[in-house]
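Remarks on the structure that follows.
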Amino acid sequence: MRSLLHDLGHGLATLSYLADGLRAAPGLPGDALHRLQLMELELDRLLQLVDLRDRPREDTFALRELLTQLVAVKSLRGPAAVVLLEGAEITVRTDQTLLWRMASNLLDNAVRAAGRGGRVTVAAREVAGEVRVEITDDGPGFGRGPRGSASLGLGIVLALARRCGAELRVDPARGGGTCARLVFPAHLAG
């Protein structure tokens, strides 16, 4: 239950931020409409979180689409720049909600570690048949960033990765910072 409340807290904070942005905008210009759409997507994900189930619900879907939505929300919310790197469209077979939770937790940690003026990159790659989601920050490195709920978030990601048949790898990034990788084995590639 604690891990669910942790994830709901992040999502609700995002919704609060997006709503504040709408309240401050006179009328509904294009940017406010975009924020409203992101808020609706975030709300949909939160509603899916409440749909607790014993086993992951596997579905084959376009990974970049999910990551694009997540990066759009996180880039509005944090002090660091969040960028989705270009790449080929990749499909993966897993539970979308669980993947969203894992990537969201890793992104929150990376944004916090990178800090104001920092940079976080997100990439989706297929390497030797495996599907990898890589989240890299340019912060001080694992364990040296600002304190927060990172250890709880990483514990959640580790448990969810196991449920999905994936693996979590956390390594130093080239040039400093941290690279967190979710690795889905070849049999889960779309």
Side-chain angles (χ1 to χ4, degrees), residues 1-15 17-18 34-78 82-111 120-127 129-136 149 152-170 179-190:
M1 186 62 156
R2 185 173 176 212
S3 68
L4 180 61
L5 291 175
H6 172 80
D7 287 344
L8 285 173
H10 282 294
L12 293 173
T14 299
L15 289 174
Y17 175 83
L18 294 172
H34 175 69
R35 289 174 183 232
L36 178 60
Q37 291 167 336
L38 291 174
M39 190 171 15
E40 291 168 341
L41 289 169
E42 188 79 359
L43 182 57
D44 287 345
R45 296 284 182 197
L46 288 172
L47 291 172
Q48 291 171 11
L49 272 179
V50 177
D51 179 23
L52 298 174
R53 25 188 199 279
D54 292 333
R55 285 181 272 141
R57 182 179 0 190
E58 282 191 5
D59 189 21
T60 301
F61 60 94
L63 183 55
R64 288 191 67 78
E65 184 178 328
L66 181 139
L67 294 176
T68 297
Q69 293 171 2
L70 194 54
V71 165
V73 170
K74 299 298 180 179
S75 66
L76 288 172
R77 180 176 159 201
V82 182
V83 178
L84 178 61
L85 300 179
E86 294 291 325
E89 185 54 72
I90 298 171
T91 57
V92 65
R93 192 175 74 248
T94 192
D95 186 304
Q96 279 193 60
T97 301
L98 296 185
L99 179 54
W100 172 80
R101 285 181 67 192
M102 289 184 284
S104 180
N105 272 294
L106 293 173
L107 269 170
D108 285 338
N109 290 347
V111 166
V120 176
T121 59
V122 179
R125 307 183 197 290
E126 194 165 349
V127 178
E130 296 177 335
V131 173
R132 297 180 181 184
V133 175
E134 298 177 351
I135 298 172
T136 307
S149 53
L152 178 58
L154 285 175
I156 292 168
V157 173
L158 186 59
L160 294 176
R162 286 181 186 140
R163 284 182 63 192
C164 292
E167 179 184 354
L168 172 64
R169 299 177 188 163
V170 180
C179 179
R181 287 181 187 87
L182 287 171
V183 180
F184 294 86
H187 74 275
L188 294 177

Mind checking what makes side chain to side chain contact (heavy atoms under 4.5 Å, CB included) contact with [X], not counting sequence neighbours?
X      : answer
Thr60  : Thr91, Arg93
Glu86  : none
Ser75  : Val82
Arg162 : Leu158

Can you tell me how far apart [atom1] ([X]) and [atom2] ([Y]) are? Round to the nearest 0.5 Å.
X      : Y      : atom1 : atom2 : value
Leu70  : Arg101 : CG    : CZ    : 13.5 Å
Glu134 : Leu85  : CD    : CG    : 9.0 Å
Met102 : Leu107 : CE    : CG    : 12.5 Å
Glu65  : Ile90  : CD    : CD1   : 14.0 Å
Leu98  : Arg163 : CG    : CZ    : 5.0 Å

Exercise. Assess whether side-chain contact (heavy atoms from CB on, under 4.5 Å) is satisfied between Leu106 and Val157, documenting all intermediate values.
Key: CA-CA 8 Å; Leu106 293 173; Val157 173; 4.1 Å; yes
Self-check item: With Arg132 via salt bridge (Lys or Arg N to Asp or Glu O under 4.0 Å) - residues at least two apart
Solution: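 Expected list: Glu130.
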Quiz prompt | Residues forming a salt bridge (Lys or Arg N to Asp or Glu O under 4.0 Å) with Arg169, sequence neighbours excluded | solution =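 For Arg169, the residues satisfying salt bridge (Lys or Arg N to Asp or Glu O under 4.0 Å) (neighbours in sequence not counted) are Glu167.
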Does [X] reach the side chain of [Y], with side-chain heavy atoms less than 4.5 Å apart?
X      : Y      : value
Leu63  : Leu99  : yes
Leu154 : Asn105 : no
Val133 : Leu67  : yes
Arg181 : Leu168 : no
Glu58  : Cys164 : no

Quiz item: How close do Thr94 and Phe61 get, heavy atom to heavy atom, and via which atoms?
Solution: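 Closest pair (atom of Thr94, atom of Phe61, distance): O-CE2, 3.6 Å.
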Exercise. Indicate the atoms forming the closest heavy-atom contact of Ala88 with Arg64, along with that distance.
Key: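 The answer is O-CD, 3.5 Å.
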Please table the atom pairs, donor to acceptor, closer than 3.5 Å between any side-chain atom in residues 182-190 and protein atoms at least two apart or in another chain.
none

